[in-house]
Protein chains: 2
Amino acid sequence: MTATRQQIVEAADDLFYRQGFEHTSFADIAGVVNISRGNFYHHFKTKDDILDAVIKTRLGRTQQMLVDWEEEGATPKDRIKSYIKILLTNWTMIKDYGCPVGTLCTELAKLNHASRDEASKVFTLFRVWLRNQFSLLGHTGDADALAMQVLSWSQGVATLGNAFNDRKYAKQEVDNMCDWLDSLPVSTT
Amino acid sequence: MTATRQQIVEAADDLFYRQGFEHTSFADIAGVVNISRGNFYHHFKTKDDILDAVIKTRLGRTQQMLVDWEEEGATPKDRIKSYIKILLTNWTMIKDYGCPVGTLCTELAKLNHASRDEASKVFTLFRVWLRNQFSLLGHTGDADALAMQVLSWSQGVATLGNAFNDRKYAKQEVDNMCDWLDSLPVSTT
DNA sequence: GTCTATACCTGGATAGAC
DNA sequence: GTCTATCCAGGTATAGAC
């Protein structure tokens with residue numbers, strides 16, 4: 001992986017999030033990286049190839065973040081709260097551009113894009129990780145359902161917080177989610 | 001409003017939902033309505049004007065749907081369930097294209113489009129209507145918070161149900177929402 | 001590995017005949 | 001009110017010099 005190639009992926013990663021995949025042109029990316037448009041094709045055959053590279057880095061970055069949370073959080077509930085709180089940590093971006101995972105998935109769904117399933121794997125990373133945390137809390141039977149509940153709750157807050165540009169609401173919902181989590185029964189077998 | 005103009009709006013409404021606003025071209029709409037591209041400009045000055053007309057019809061249609069639910073549902077809880085159940089009623093569309101309201105809002109947010117706020121008014125219609133239903137249940141203080149909770153919950157289920165193409169999950173969450181609603185305290189003063 | 005030049009297409013939008 | 005013809009900007013992608 002050359003430095004230029006990496007710069008392209010980083011710029012595309014950011015622009016695909018803020019502007020959307022289709023709305024982002026080679027000229028946009030070239031403007032950030034300071035290369036000519038023709039130079040892209042030495043590194044990537046098509047725009048779709050750039051998208052695949054972006055999704056790959058997002059998968060890797062997410063995986064690393066989950067590992068970090070695993071090390072930082074003393075208890076499973078602490079770790080799950082690390083996830084919940086990204087709504088506020090990344091609020092300045094979310095209020096303008098929504099959730100990076102959800103918005104890419106819905107865009108690719110409408111485009112009926114070949115990488116649609118690949119993009120949803122970021123959700124799967126969170127889902128499996130959350131499921132593990134709930135399993136550690138003793139929720140062996142409903143761990144996956146709880147994981148999906150946390151995922152969808154935060155996703156909904158991201159979408160509506162974005163639509164209404166309402167940080168207070170987002171803050172309130174984060175508190176509600178944490179309270180809900182704290183009140184969950186824990187079996188320490 | 002001429003018949004042609006109405007046909008354009010109807011076709012655009014459908015295509016903006018299924019393909020996204022920006023991805024839909026005049027040629028796409030013209031193909032459905034069977035008119036020439038040049039003919040658009042007799043009815044609309046710009047593509048943005050078509051979007052505004054589409055949003056207007058969606059606002060009107062939503063308003064009408066809420067009136068219908070008001071008449072059909074015997075109790076506020078029944079009416080709120082009418083809202084919750086559209087996730088399953090429209091599932092065949094949602095699994096492929098997501099929630100029409102949420103996906104348009106996030107797309108326009110990324111485009112930083114002038115009609116962004118106008119699009120989010122569809123959410124507001126649901127919000128105010130749900131708030132009224134919860135008020136009727138005696139939840140005077142937290143009616144709006146409850147309305148937002150129902151909105152975000154369903155929105156999250158739409159996004160994740162779409163990403164994973166999982167109807168069983170959507171069905172399960174609809175049941176959960178209905179159970180949650182049934183267990184809500186009601187004060188009949 | 002990076003550039004310029006360019007091909008080729010599709011997008012929204014306009015002009016003017018009918 | 002609808003059409004054809006056309007403009008022009010911008011998109012992806014290619015060719016080939018350096």
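Hydrogens, waters and symmetry mates play no part in the numbers below; they use all other heavy atoms, side chains included. Because the structure is predicted, anything quoted here is derived from the model rather than measured. Sequence lines set the chain letters: A, B, ... in the order given, protein chains first and strands last, and positions in each chain run from 1.
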Length of the CD1-C1' vector between B/Ile8 and C/dG12, whole Å: 14 Å
Atom pair distance, as rounded to whole Å: CG in B/Asn39 and P in C/dG16: 18 Å
Donor-acceptor pair between B/Glu70 and B/Trp129 side chains, under 3.5 angstrom: yes
Whole-Å distance separating the CG atom of B/Asp48 from the C1' atom of C/dG12: 11 Å
B/His113-B/Phe21 aromatic ring centre distance below 6.0 Å: yes
Interatomic distance, B/Gln7 CD vs D/dT2 C1' [rounded to whole Å]: 13 Å
From C/dC3, D/dT2, C/dG1, nucleotide with atom closest to B/His42 side chain: D/dT2
Side-chain heavy atoms of A/Glu173 within contact of A/Trp153, under 4.5 Å: yes
Tabulate atom names and distances for all N/O pairs under 3.5 angstrom spanning the protein and nucleotides 10-12 of chain D.
residue	atom	partner	partner atom	Å
D/dG11	OP1	A/Ser25	OG	3.1
D/dT12	OP1	A/Lys47	NZ	3.3
D/dT12	OP2	A/Phe26	N	3.0

Between C/dA13 (P) and B/His43 (NE2): distance, integer Å: 16 Å
No-hydrogen, no-angle side-chain donor-acceptor test under 3.5 Å, A/Tyr97 and A/Thr103: no
Side-chain H-bond candidate by donor/acceptor type, B/Asp78 with B/Thr75, under 3.5 Å: yes
For atom CZ of A/Phe40 and atom P of C/dC3, their distance in whole Å: 10 Å
Any side-chain donor near an acceptor of the partner, A/Asp142 and A/His139, under 3.5 Å: yes
N or O in side chain of A/Thr4 less than 4.0 angstrom from C/dG1 OP1/OP2: no
